Amino acid sequence: MYKLLFFFLVLLLILPPTEVFAQKKVPILVYHSIAKFEGHGQKELYVTPENFEKQMVYLRDHGYTLLTFEQWHEVDRVKKPIFLTFDDGYKNNLNAFKVFQKLHTKQFKPTGTFFIITDFISRTNRLSADDLKAISNSGLISIQSHSVTHPDLTITENLDAELKDSKRVLEKIVGKPIIAISYPFGNFNQRVVNETKKYYLFGLTTTPGPYIKQGIENEHYLLPRTYIKYSTTLEDFAKIVKID
Ligand SMILES: [Zn+2]
């Protein structure tokens, strides 16, 4: 009898909590450019509009619910929740928006979050303030912060301004609360998290893997994300978003 009890106690200790109490997995994907690669920058940071559309059709046909961070509370209520995020505010993210518009029906509402570097707004290959306002008003895209100048937040001397000013600028443009930030380069530390908490409800890293609720302190400021790359096949994609 004691042997059996001991066995279960050991099992509880060695298994990660998720194995003992199965928790819902929530994939959070990160994209950068939605365009054909034509030699600028890193190829793996691109996804062609064709591949992107196939990925969205896959999510639609497999019953996923695409959410933005304003809808975080719905994670436990909807079927197969997933978050799509896009960093750096490239103009070519309008290609993702177009795919969303094309696939939007009564039954399927594709949504995503664009993380914007506010000092880069309206640069040649970046979204303009008018773009941001229009896509935000569409209800399909949530605009959120990716800092003011895209520094490594763990070493910048302007941490407070990077967090606060990007939020203020974006709120002025879209007229909605800015509640999430993706840390440039995915870099963060305790100080970054503590300061982020003053202005935001969510902080996104680039630590790979789905989000699994653990009830640990600050878990909304340590949200993991998985890269979707140029070389990601539809088969790879299916594995990345798999939640059971
Ligand atoms: Zn970035």
Side-chain angles (χ1 to χ4, degrees), residues 27-59 66 68-69 82-100 110-128 131-132 135 141-156 158 162 166 170 180-189 192 196 202-211 222-242:
I28 308 175
L29 310 183
V30 55
Y31 294 88
H32 287 79
S33 282
I34 304 298
K36 206 174 147 226
F37 179 69
E38 280 167 342
H40 305 287
Q42 285 182 55
K43 190 174 183 180
E44 286 289 56
L45 293 181
Y46 284 72
V47 169
T48 66
E50 293 74 23
N51 281 349
F52 182 74
E53 183 169 341
K54 282 179 196 155
Q55 293 164 4
M56 296 309 105
V57 167
Y58 181 90
L59 295 179
L66 281 63
T68 61
F69 295 91
I82 186 168
F83 290 81
L84 268 61
T85 71
F86 302 78
D87 277 8
D88 297 352
Y90 289 108
K91 193 88 170 173
N92 62 40
N93 288 0
L94 290 175
N95 293 328
F97 176 58
K98 281 178 206 152
V99 170
F100 283 175
T111 56
T113 304
F114 287 5
F115 287 98
I116 307 299
I117 307 158
T118 51
D119 262 10
F120 292 9
I121 292 171
S122 293
R123 285 192 187 177
T124 4
N125 58 350
R126 312 279 171 160
L127 296 163
S128 67
D131 292 331
L132 297 177
I135 56 181
I141 305 292
S142 168
I143 301 301
Q144 300 295 332
S145 168
H146 195 33
S147 81
V148 176
T149 66
H150 205 271
D152 178 341
L153 295 178
T154 64
I155 54 174
T156 179
N158 303 316
E162 290 285 348
S166 56
L170 290 170
I181 185 164
S182 73
Y183 307 121
F185 315 104
N187 289 354
F188 64 94
N189 57 18
V192 170
T196 298
F202 303 96
L204 290 97
T205 73
T206 48
T207 311
Y211 166 76
L222 307 168
L223 295 177
R225 290 190 296 173
T226 305
Y227 274 101
I228 303 299
K229 301 173 182 167
Y230 202 82
S231 60
T232 303
T233 64
L234 197 59
E235 210 182 8
D236 300 331
F237 183 80
K239 278 185 203 144
I240 290 168
V241 301
K242 196 168 163 26

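By convention here, the first residue in the shown sequence is residue 1. These numbers were taken from a predicted model, which means no experiment stands behind them.
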Peer 1: Go through the side-chain N and O atoms of S166 and S145 and say whether any donor and acceptor fall under 3.5 Å apart.
Peer 2: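 Side chains of S166 and S145: pair found under 3.5 Å.
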Peer 1: Would the distance check show the side chain of T196 and the main-chain N or O of V192 forming a donor-acceptor pair, the cut-off being under 3.5 Å?
Peer 2: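 Such a contact is found between T196 side chain and V192 backbone.
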Peer 1: Using 30° and 60° as the class boundaries, would you call the ring planes of F83 and F69 parallel, tilted or perpendicular?
Peer 2: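 It falls in the parallel class, under 30°.
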Peer 1: What I'd like to find out is whether the side chain of Y31 reaches to under 4.5 Å of the side chain of K229, using heavy atoms alone.
Peer 2: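 A side-chain contact is absent here, since even the closest heavy-atom pair is not under 4.5 Å.
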Peer 1: Kindly give the heavy-atom pair with the smallest separation between L127 and D131, and that separation in Å.
Peer 2: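 Distance-wise, the nearest heavy atoms are CA-OD2, 3.5 Å.
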Peer 1: Please say whether the positively charged group of R126, taken as NZ for Lys or CZ for Arg, lies over the ring of F86, i.e. under 6.0 angstrom from the six-membered ring centre and within 45 degrees of the axis.
Peer 2: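 No - R126 does not lie over the ring of F86 by the 6.0 Å and 45° rule.
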Peer 1: Does any non-hydrogen side-chain atom of H146 lie less than 4.5 Å from one of D88?
Peer 2: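 With C-beta onward as the side chain, the pair touches.
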Peer 1: Could you tell me if the side chain of M56 sits less than 4.5 Å from the side chain of L84, heavy atoms only?
Peer 2: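 Yes, at least one pair of side-chain atoms sits under 4.5 Å.
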Peer 1: Report, as yes or no, whether the 6.0 Å neighbourhood of atom CD on E44 holds more than 12 heavy atoms from other residues, nucleotides or ligands.
Peer 2: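 Above 12, so yes.
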Peer 1: Could you check whether any side-chain N or O of D87 sits under 3.5 Å from a backbone N or O of F115, counting only pairs where one atom can act as donor and the other as acceptor?
Peer 2: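 Checked: no pair found.
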Peer 1: Would you kindly say whether T85 and R225 are connected by a side-chain donor-acceptor distance under 3.5 Å?
Peer 2: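 Side chains of T85 and R225: pair found under 3.5 Å.
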Peer 1: Please tell me if the side chains of F202 and I181 come closer than 4.5 Å, counting only heavy atoms from C-beta onward.
Peer 2: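 F202 does not reach I181 side chain to side chain.
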Peer 1: Mind checking whether E162 and S147 have side chains closer than 4.5 Å, heavy atoms only?
Peer 2: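 E162 vs S147: side chains touch.
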Peer 1: Could you check whether the rings of H150 and F120 sit parallel, tilted or perpendicular, using 30° and 60° as the cut-offs?
Peer 2: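 Aromatic pair H150/F120 classed parallel.
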Peer 1: Is the shortest side-chain heavy-atom distance between V241 and L29 below 4.5 Å?
Peer 2: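 Yes. Closest side-chain heavy atoms under 4.5 Å.
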Peer 1: Quick check: does any side chain N or O of T111 sit under 3.5 Å from a backbone N or O of L66, one acting as donor and the other as acceptor?
Peer 2: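 Indeed, once roles are kept as given, a pair shorter than 3.5 Å links the two residues.
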Peer 1: Do any N or O atoms from the side chain of D236 and from the backbone of T233 form a donor-acceptor pair under 3.5 angstrom?
Peer 2: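 Indeed, once roles are kept as given, a pair shorter than 3.5 Å links the two residues.
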Peer 1: Please lay out, stage by stage, how V47 and F37 fare under the test side-chain contact (heavy atoms from CB on, under 4.5 Å).
Peer 2: CA-CA 8 Å; V47 169; F37 179 69; over 6 Å; no
Peer 1: Does some side-chain heavy atom of Y46 sit less than 4.5 Å from a side-chain heavy atom of H40?
Peer 2: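 H40 reaches Y46 side chain to side chain.
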Peer 1: Are more than 12 heavy atoms from other residues, nucleotides or ligands located less than 6.0 Å from atom NZ of K91?
Peer 2: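 Yes, enclosed.
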Peer 1: Any side-chain donor-acceptor pair under 3.5 Å between T154 and N187?
Peer 2: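 No pair is found: no donor N or O on one side chain lies under 3.5 Å from an acceptor on the other.
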Peer 1: Do the non-hydrogen side-chain atoms of V30 and T226 ever get within less than 4.5 Å of each other?
Peer 2: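 SC-SC contact between V30 and T226 ruled out.
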